[in-house]
Each structure stands twice: as C-alpha cells, then as structure tokens.
Amino acid sequence: MPTNHLTPPKPEAQHEAPAPLTWNDFHASGISVSAWARVRGFNPRLVYEILRGERKCLRGASALIAKELGMK
C-alpha cells in the first residue's frame, strides 16, 4: 500500500543519546582535554573553546567536535 503525506510516520526505535562530556567527566576519568583532542585528531585549543561555550559549533571541525562530545 503506498504511503502519502497524510499517513503518520512509523515510530522508529527510540534511543537516548549519551550525556555530553563535561569538564567533570574529563577530571573524573583522568584524561586531559588536550589528550582527548589529540587522540581524535582535533585541535586542543578548539576543544577548549567549545567546552567554554565560545564557539557556535555550526559547521566544520567545531561541529564535529561538538558531536563527538555529545553536545549535538
């Protein structure tokens, strides 16, 4: 049976996104923000700026970092 714009979409599996990483998570795990950034190939300064809320994270590396941190 073909669907049209009036048929409600089928419910998809709901899965919760993990909580975003915070300063406390880094301190608790013993991993520095710089080390986390370098392992993932990100600029540590950019990661610090994102964690401080100084970047909008709309596109590019900032958006990728925010996604990796769980902020998007």
Side-chain angles (χ1 to χ4, degrees):
M1 178 168 124
T3 60
N4 60 32
H5 66 283
L6 298 176
T7 22
K10 293 181 181 179
E12 295 183 17
Q14 298 279 344
H15 54 280
E16 293 182 30
L21 292 176
T22 63
W23 292 106
N24 292 335
D25 296 325
F26 284 106
H27 291 296
S29 67
I31 298 171
S32 71
V33 175
S34 295
W36 182 91
R38 282 192 297 273
V39 165
R40 287 163 176 76
F42 299 130
N43 181 334
R45 185 172 144 239
L46 191 55
V47 175
Y48 278 108
E49 289 174 0
I50 291 167
L51 286 170
R52 285 193 298 258
E54 298 172 358
R55 290 280 183 148
K56 291 185 180 180
C57 307
L58 298 176
R59 61 180 97 69
S62 296
L64 291 174
I65 293 168
K67 187 174 181 180
E68 192 78 20
L69 288 168
M71 299 170 130
K72 286 191 128 190

Subject >> Closest non-hydrogen atom pair, I50 against R55 >> reply: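 Heavy-atom minimum between the residues: CG1-CB, 3.9 Å.
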
Original post:
Which pair of heavy atoms, one from K72 and one from C57, lies closest together, and at what distance?
Top reply: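 The pair with the smallest heavy-atom distance is NZ-O, 2.8 Å.
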
Original post:
Under the 3.5 angstrom rule, does the side chain of S29 hit a backbone N or O of F26 as a donor-acceptor pair?
Top reply: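 Here the side-chain-to-backbone pair exists.
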
**OP:** For residues 41-64, pull every pair meeting ring pair (Phe, Tyr, Trp, His ring centres under 6.0 Å), keeping only residues two or more places apart or in separate chains.
**Re:**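 Of all non-adjacent pairs touching residues 41-64, those that pass ring pair (Phe, Tyr, Trp, His ring centres under 6.0 Å) are W23-Y48.
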
Subject >> side-chain hydrogen bond (donor to acceptor under 3.5 Å, both in side chains) partners for R52, two or more places apart >> reply: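 Here the qualifying residues are E54.
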
**OP:** Kindly write out the residues that satisfy side-chain hydrogen bond (donor to acceptor under 3.5 Å, both in side chains) with E68, not counting sequence neighbours, or none if the list is empty.
**Re:**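 Expected list: R40.
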
Original post:
Are more than 12 heavy atoms from other residues, nucleotides or ligands located less than 6.0 Å from atom NZ of K67?
Top reply: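 12 or below, so no.
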
Original post:
Do S62 and K56 come within less than 4.5 Å of each other through their side chains, counting heavy atoms only?
Top reply: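 With C-beta onward as the side chain, the pair stays apart.
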
